[in-house]
Student: 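Could you have a look at this structure, given as structure tokens, before my questions?
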Amino acid sequence: MQTSFTLAQLADPAIQASNEILRKCVHCGFCTATCPTYVLLGDERDSPRGRIYLIKQMLESGRPADEDTVRHVDRCLSCLSCMTTCPSSVHYMHLVDHARAYIEETYRRPFFDRILRRLLVRVLPDPKLFRWSLRAAQLGRPFRFLLPARLKGMVAMAPKRLPRASATDRPQVFRAEGSRRMRVALMTGCAQKVLDPKINEATIRLLTRHGCEVVVAEGAGCCGALTHHMGREDDALTKAKANIAAWHREYEGEGLDAVVINASGCGTTVKDYGFMLRSDPQWSARAAIVAGLAKDVTEVLRELQLKPTGAAEKLTVAYHSACSLQHGQKITALPKQLLAEAGFAVRDVPEAHLCCGSAGTYNLLQPELATQLRDRKVENIRSTGADAVAAGNIGCLVQIGGGLARDGGPPIPVLHTVELLDWATGGPRPAALR
Ligand code: SF4
Ligand code: SF4
């Protein structure tokens, strides 16, 4: 695609990067067929190709973002399905991230939108605030009919029972069982440890049982993905730097073989830290090291070679491939292979390339589209006839669990892949299966 940025515009490294991305797009439209919003809405402006064109116009003009462009960029899930399909290797993720930051800088959203976004940016990445807000939502549930539609939906989404915070999430070191084969840092995250602390507990048991020393590093926290995808660049970079400092300290100190991430949405962002901080001379080298160390938990488990005990009892598991894992990190077969080797009968979910509608804060900001995608995913999962669902991202687990609980069908437990692998290799049977 031809672009017409001025030399002055191209002096900005962000414009320069987007210019290179835009020039790769040949407008073939292959990506439209696998884009969830195009599949639902059938509008070219809600397809990757249409959005690329809108973003090009917005950036070239140098003017503040207009309402139409904001509407169609906001509807993008950042699921990255288009990147998997694109034959020209167009890096849509970096382009849309730039567009969101540009919109945040130049566009004044309606009042309620601004308040809602500020609230999400402040609350979700902070485990203490998030916990309190979920408690408040539980208390407010009987009065939700008084709230505006979007807040009503959010209150309804709050879990009925909130698990206690886990002691494993505090900074500490978990020694390897037997001789140490690896030393890794575990990213314990933000929202995940509030919604389901069992995931980090299962990850630590699984890793230590297979010879890994696991460090929960002092100073590490939210990866910044939530705010990054809302265009809050400064906030996202502050969070990224805190993590880089914490993990780089461990790397320089006792050494690290990997930074293990068990929420694939976060993993995609941490693996991109090198790009996010490429123009910052103080941070770029350390960011690149940390990005190189970042691994999805399944990548580390492959290296460790799990030892199944036979506990899996041939449970049939439908594997939901989180977009951030399959499209963002190109990890598709590995989790299924690990589950199968551990003794589970694994089933693929039809239309696996389509997002479940969770997508970070998408289900809170675009509830209508998110619900349509969720219901479609749940129908596809039910068609597999599986006994349980496994996925590697907390957002998907909550979204799919909510859909399965609401569609009137028989209950199907939804678990993180590591909970099943932990059980199959000597850990406790997951509570959801009891
Ligand atoms: S498939 Fe790639 S090259 Fe073709 S229109 Fe989509 S982004 Fe552009
Ligand atoms: S990221 Fe997903 S929703 Fe956005 S344009 Fe690409 S395929 Fe469509």
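First listed ligand is number 1; within each ligand, the first listed atom is number 1.
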Student: Side chains of H353 and Q326 only: does a donor on one sit below 3.5 Å from an acceptor on the other?
Tutor: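 No, no side-chain donor-acceptor pair sits under 3.5 Å.
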Student: Tell me, which protein residue and heavy-atom name are nearest atom 4 (Fe) of ligand 2, and how many Å apart are they?
Tutor: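 Among all protein heavy atoms, the one nearest atom 4 (Fe) of ligand 2 is C76 SG, 2.4 Å.
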Student: Tell me, which protein residue and heavy-atom name are nearest atom 3 (S) of ligand 2, and how many Å apart are they?
Tutor: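 That would be L77 N, 3.4 Å.
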Student: Indicate, as side chain, backbone, both or neither, the part of Y38 found under 4.0 angstrom from ligand 2 when only non-hydrogen atoms are considered.
Tutor: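 Y38 to ligand 2: no contact under 4.0 Å from either part.
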Student: Would you mind checking which non-hydrogen protein atom is closest to atom 5 (S) of ligand 2, with the distance to 0.1 Å?
Tutor: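 Ranked first by proximity to atom 5 (S) of ligand 2 is R51 NH1, 3.1 Å.
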Student: Who's the nearest protein heavy-atom neighbour of atom 2 (Fe) of ligand 2, and how far?
Tutor: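 For this ligand atom, the closest protein heavy atom is C79 SG, 2.3 Å.
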Student: Quick one: is the NZ or CZ of R114 closer than 6.0 Å to the six-membered ring centre of F111, and within 45° of its axis?
Tutor: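 No; the conditions do not both hold, so R114 does not lie above the ring face of F111.
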Student: Parallel, tilted or perpendicular: which fits the ring planes of W423 and F344, with parallel below 30° and perpendicular above 60°?
Tutor: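 The rings of W423 and F344 sit tilted, inter-plane angle from 30° to 60°.
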Student: Taking all non-hydrogen atoms of both residues into account, name the closest pair between L415 and L397 and its distance.
Tutor: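 Scanning both residues completely, I find the closest heavy atoms to be O-CD2, 3.4 Å.
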Student: Side-chain donor-acceptor pair under 3.5 Å between T84 and H327, yes or no?
Tutor: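 Looking only at side-chain atoms, H327 and T84 do form a donor-acceptor pair, the distance falling under 3.5 Å.
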Student: For D296 and Q329, does a side-chain donor sit closer than 3.5 Å to a side-chain acceptor?
Tutor: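 The answer is no; no qualifying pair exists.
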Student: Atom 8 (Fe) of ligand 2: which protein heavy atom is closest, and how many Å away?
Tutor: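 Going by distance alone, atom 8 (Fe) of ligand 2 is nearest to C35 SG, 2.3 Å.
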Student: Is a donor from one side chain sitting under 3.5 angstrom from an acceptor on the other, for D66 and T69?
Tutor: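 Yes, because at least one side-chain N or O of D66 sits under 3.5 Å from a partner of the opposite role on T69.
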Student: For P87, is the nearest heavy atom under 4.0 Å from an atom of ligand 1?
Tutor: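 Yes, P87 has a heavy atom closer than 4.0 Å to ligand 1.
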Student: Hydrogens and angles aside, do H98 and S18 bring a side-chain donor and acceptor to less than 3.5 Å of each other?
Tutor: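 Distance-only check passes for H98 and S18.
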Student: Will you find, in the side chains of S324 and T268, an N or O donor that is under 3.5 Å from an N or O acceptor?
Tutor: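 Absent: no donor and acceptor within the cut-off.
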Student: Hey, which atoms in ligand 2 end up nearer than 4.0 Å to a heavy atom of L80?
Tutor: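 Contacts of ligand 2 toward L80, numbered from 1: 1 (S), 2 (Fe).
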Student: Give every protein N, O or S atom lying under 2.8 Å from atom 8 (Fe) of ligand 1, naming each by residue and atom.
Tutor: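 Checking every protein N, O and S atom gives C25 SG.
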Student: If we count only N and O atoms by modelled type, under 3.5 Å, do the side chains of H416 and N262 hold a donor and an acceptor together?
Tutor: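 Note: H416 and N262 side chains miss the donor-acceptor criterion.
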